[in-house]
Amino acid sequence: MRTTLSAATLLVVVPAATAQLNIWARIAGKQYFGSATDNYELADKPYFKQLSNTLDFAQITPSNSLKWFATEPERGNFTFAGGEEIVAFAKKNKQLVRGHTCVWHSQLAPWVEAGNFDNATLSTIVKDHCYNLLNEACRIHWDVVNEAFNEDGTFRETVFYKTIGPSYIDIAFHAARKADPKAKLYINDYNIDGLGPKSTGVINLVKQLKKNKVPIDGIGVQGHLIVGRVPTTIRENLQAFADLGVDVAITELDIRMTLPVTPELLEQQKKDYQTVIAACRAVKRCIGVTIWDWTDKYSWVPGVFDGEGAALPWDEDLKKKPAYYGIVDGFTKL
């Protein structure tokens, strides 16, 4: 859904001196600037207050509570309590919600792999899971299939691929469309920020899906990046995705650094955020940007990448870092 407010109208409502990330995103022609969150974080009152600030965040992604382990812990036993808590939060604030994710090889319920299902049975399981997830948890955008590719552009050999073949992707998208004809359906992956074999794999898949009339609306570029190593071809790559006739969204942006934090690293991080945002700004069909949570206090990075962190625009004390202003510059500077 496109905003109907003009840049001039927005700046009357919120003067340029006080405009925040979502306002600048809207002025730049994007649908939203948003953040991921997790359920336990909502108990943190200062965090809760800032996440509710729609001048910065007009879109929310539940980072874990709509994944398979959380929504179908046993076959046919669906539960949406965690996801619905975050959806209710967003609805109260009139924020968009991105569903994440229907089919992913990680954070699966154990029974999916342990069942050793045959092709027909697992195909039915994928179909039923995606249908029930979208039918119950209707959202504006959905990451239907997540991380389907290896770095060389070949398909990742997940339980779904090894059992069903690449058609598991078709099954998931068709089930998602049947459940919610209005939702925007995405394939989502990491390390597809710049040109390269993995991005080419995604392009080839989307071409084939469209040829086969599989309902795909967009490509989600996760954007888990490293300070000083943002691909130089990011704008060109986003445009190549858009040229397929689909929308593009940056869905999980963070830019991590080797610790300890230094002024030099913070300045480079600011430039890197500006680069990514400017690339999205330049591509008409790049519809919005979501950061993978907004404060270093709740970043996933230190728990996964030893000795790295400080990846987000606010620090652990919930104070804005230079990266925040890099985002502003990305939306506003030519």
Side-chain angles (χ1 to χ4, degrees), residues 20-22 24-25 33-53 55-57 60-64 100 106-107 147 151 188-194 196 198 221-235 250-281 289-333:
Q20 293 170 276
L21 302 184
N22 181 57
W24 288 120
F33 189 90
S35 176
T37 191
D38 210 349
N39 297 73
Y40 73 96
E41 298 167 10
L42 301 181
D44 181 333
K45 290 183 180 180
Y47 173 95
F48 183 98
K49 181 179 180 180
Q50 171 56 22
L51 189 67
S52 305
N53 176 9
L55 297 179
D56 275 322
F57 308 124
I60 301 294
T61 301
S63 57
N64 284 300
H100 180 80
S106 187
Q107 292 183 270
E147 299 179 5
E151 296 303 304
N188 191 56
D189 218 319
Y190 67 94
N191 286 353
I192 58 168
D193 317 276
K198 194 171 187 179
V221 177
Q222 290 185 12
H224 295 300
L225 300 169
I226 302 171
V227 166
R229 293 169 58 183
V230 172
T232 58
T233 56
I234 184 168
R235 176 177 173 178
I250 297 174
T251 57
E252 306 182 21
L253 179 62
D254 53 28
I255 307 180
R256 65 187 186 268
M257 64 180 68
T258 300
L259 301 175
V261 174
T262 66
E264 292 77 16
L265 286 170
L266 289 174
E267 183 60 27
Q268 182 61 51
Q269 185 183 55
K270 176 185 177 181
K271 293 176 182 178
D272 291 341
Y273 267 100
Q274 180 178 348
T275 296
V276 175
I277 300 302
C280 180
R281 180 191 180 194
V289 177
T290 306
I291 49 177
W292 207 239
D293 226 313
W294 58 270
T295 166
D296 292 334
K297 183 177 182 179
Y298 294 119
S299 172
W300 70 295
V301 169
V304 176
F305 298 98
D306 188 41
E308 298 181 71
L312 294 165
W314 282 259
D315 66 18
E316 292 185 3
D317 296 321
L318 314 189
K319 295 179 180 178
K320 294 175 184 176
K321 294 158 57 180
Y324 181 97
Y325 302 100
I327 296 170
V328 173
D329 289 346
F331 282 130
T332 58
K333 290 188 176 181

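Everything numeric here is computed off the predicted structure, so don't read it as measured data. Only heavy atoms go into these numbers, but all of them, side chains included; no hydrogens, no water, no symmetry mates.
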Engineer: Is a side-chain donor or acceptor of T295 paired with a backbone partner of D315 at a separation under 3.5 angstrom?
Structural biologist: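 Looks like yes, one N/O pair under 3.5 Å.
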
Engineer: Would you name the heavy atoms of L265 and P260 that are closest together and state the gap between them?
Structural biologist: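 In terms of heavy atoms, the two residues are closest at CD1-O, 3.6 Å.
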
Engineer: Atom OG1 of T258 and atom CZ of F305: how far apart are they, to the nearest 0.5 Å?
Structural biologist: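 Output value for this atom pair is 11.0 Å.
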
Engineer: If we ignore hydrogens and angles and just use 3.5 Å, is the side chain of R256 paired with the main-chain N or O of A311 as donor and acceptor?
Structural biologist: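 No; judged by distance alone, with no hydrogens or angles, the pair does not exist.
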
Engineer: Verify side-chain contact (heavy atoms from CB on, under 4.5 Å) between Q268 and M257, making sure each step is shown before the conclusion.
Structural biologist: CA-CA 10 Å; Q268 182 61 51; M257 64 180 68; over 6 Å; no

Engineer: Using 0.5 Å steps for rounding, measure from the NZ atom of K297 to the CG atom of L318.
Structural biologist: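 If I round to the nearest 0.5 Å, the distance is 5.5 Å.
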
Engineer: A side-chain contact here means heavy atoms from C-beta on lying under 4.5 Å apart; do Y324 and Q20 qualify?
Structural biologist: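 Counting from C-beta outward, Y324 and Q20 do come under 4.5 Å.
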
Engineer: So which atom in Y273 and which in L312 form the shortest heavy-atom distance, rounded to 0.1 Å?
Structural biologist: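 Minimum heavy-atom contact is OH-CA, 3.7 Å.
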
Engineer: Run the numbers on D254 and W300 for side chain to side chain donor-acceptor pair (under 3.5 Å), then give the verdict.
Structural biologist: CA-CA 10 Å; D254 53 28; W300 70 295; 2.7 Å; yes

Engineer: Is a side-chain donor or acceptor of E147 paired with a backbone partner of S106 at a separation under 3.5 angstrom?
Structural biologist: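 Not a single qualifying donor-acceptor pair exists.
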
Engineer: Around R235, counting heavy atoms of other residues, nucleotides and ligands shown, do more than 12 lie under 6.0 Å from its CZ?
Structural biologist: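 Atom CZ in R235 is not crowded, with 12 or fewer foreign heavy atoms closer than 6.0 Å.
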
Engineer: NZ of K321 to CD of Q269: how many Å apart, nearest 0.5 Å?
Structural biologist: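 Nearest 0.5 Å value for the NZ-CD distance: 4.5 Å.
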
Engineer: Say you draw a straight line from OG1 of T275 to CD1 of I255; how long is it, rounded to the nearest 0.5 Å?
Structural biologist: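 The distance works out to 8.0 Å.
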
Engineer: Do the rings of W314 and F57 sit parallel, tilted or perpendicular, given the 30° and 60° boundaries?
Structural biologist: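 Tilted, since the angle between the ring planes falls between 30° and 60°.
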
Engineer: Using the rule side-chain contact (heavy atoms from CB on, under 4.5 Å), only one of I250, I327, L253 pairs with F33; which is it?
Structural biologist: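 Among I250, I327, L253, the one that satisfies the side-chain contact (heavy atoms from CB on, under 4.5 Å) with F33 is I327.
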
Engineer: State the CG-CG distance between L225 and D272, to the nearest 0.5 angstrom.
Structural biologist: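 Reported to 0.5 Å precision, the distance equals 8.0 Å.
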
Engineer: Any idea which heavy atoms bring S299 and P302 closest together, and the distance?
Structural biologist: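 Residues S299 and P302, closest heavy atoms: O-CD, 3.6 Å.
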
Engineer: Please tabulate, one pair per line, all N/O donor-acceptor pairs under 3.5 Å involving side-chain atoms of residues 226-233, not counting sequence neighbours.
Structural biologist:
| unit_1 | atom_1 | unit_2 | atom_2 | d |
| --- | --- | --- | --- | --- |
| T233 | OG1 | L195 | N | 2.9 |

Engineer: Heavy-atom distance under 4.5 Å between the side chains of V276 and D193, does that happen here?
Structural biologist: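 When only atoms from C-beta onward are counted, D193 and V276 do not touch, as no gap falls below 4.5 Å.
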
Engineer: For Y325, which residues count as a ring pair (Phe, Tyr, Trp, His ring centres under 6.0 Å) partner, sequence neighbours excluded?
Structural biologist: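 Ring pair (Phe, Tyr, Trp, His ring centres under 6.0 Å) list for Y325, sorted by chain: empty.
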
Engineer: Could you go step by step and tell me if E252 and T61 meet the side-chain contact (heavy atoms from CB on, under 4.5 Å) rule?
Structural biologist: CA-CA 9 Å; E252 306 182 21; T61 301; over 6 Å; no

Engineer: Looking only at heavy atoms, which two atoms of I277 and G330 are closest? And how far apart?
Structural biologist: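 Reported closest heavy-atom pair: CG2-C, 3.6 Å.
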
Engineer: Atom OG1 of T37 and atom CG of D293: how far apart are they, to the nearest 0.5 Å?
Structural biologist: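 It comes to 5.0 Å.
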
Engineer: Check whether any side-chain N or O of N53 sits under 3.5 Å from a backbone N or O of L55 as a donor-acceptor pair, and report yes or no.
Structural biologist: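 Yes, the answer is positive, given that a donor and an acceptor are paired below the 3.5 Å cut-off.
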
Engineer: How far apart are the C-alpha atoms of W292 and Y298, what are their side-chain angles, what is the distance that settles it, and do they pass the ring-ring contact (aromatic ring centres under 6.0 Å, His included) test?
Structural biologist: CA-CA 9 Å; W292 207 239; Y298 294 119; over 10 Å; no

Engineer: Give a yes/no verdict on a cation-pi contact between K198 and Y190, requiring under 6.0 Å between NZ or CZ and the six-membered ring centre and an angle within 45° of the axis.
Structural biologist: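 Yes, a cation-pi geometry.
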
Engineer: Using modelled atom types and a 3.5 Å cut-off, is there a donor and acceptor pairing between side-chain atoms of Q107 and backbone atoms of N64?
Structural biologist: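 A pair under 3.5 Å: no.
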
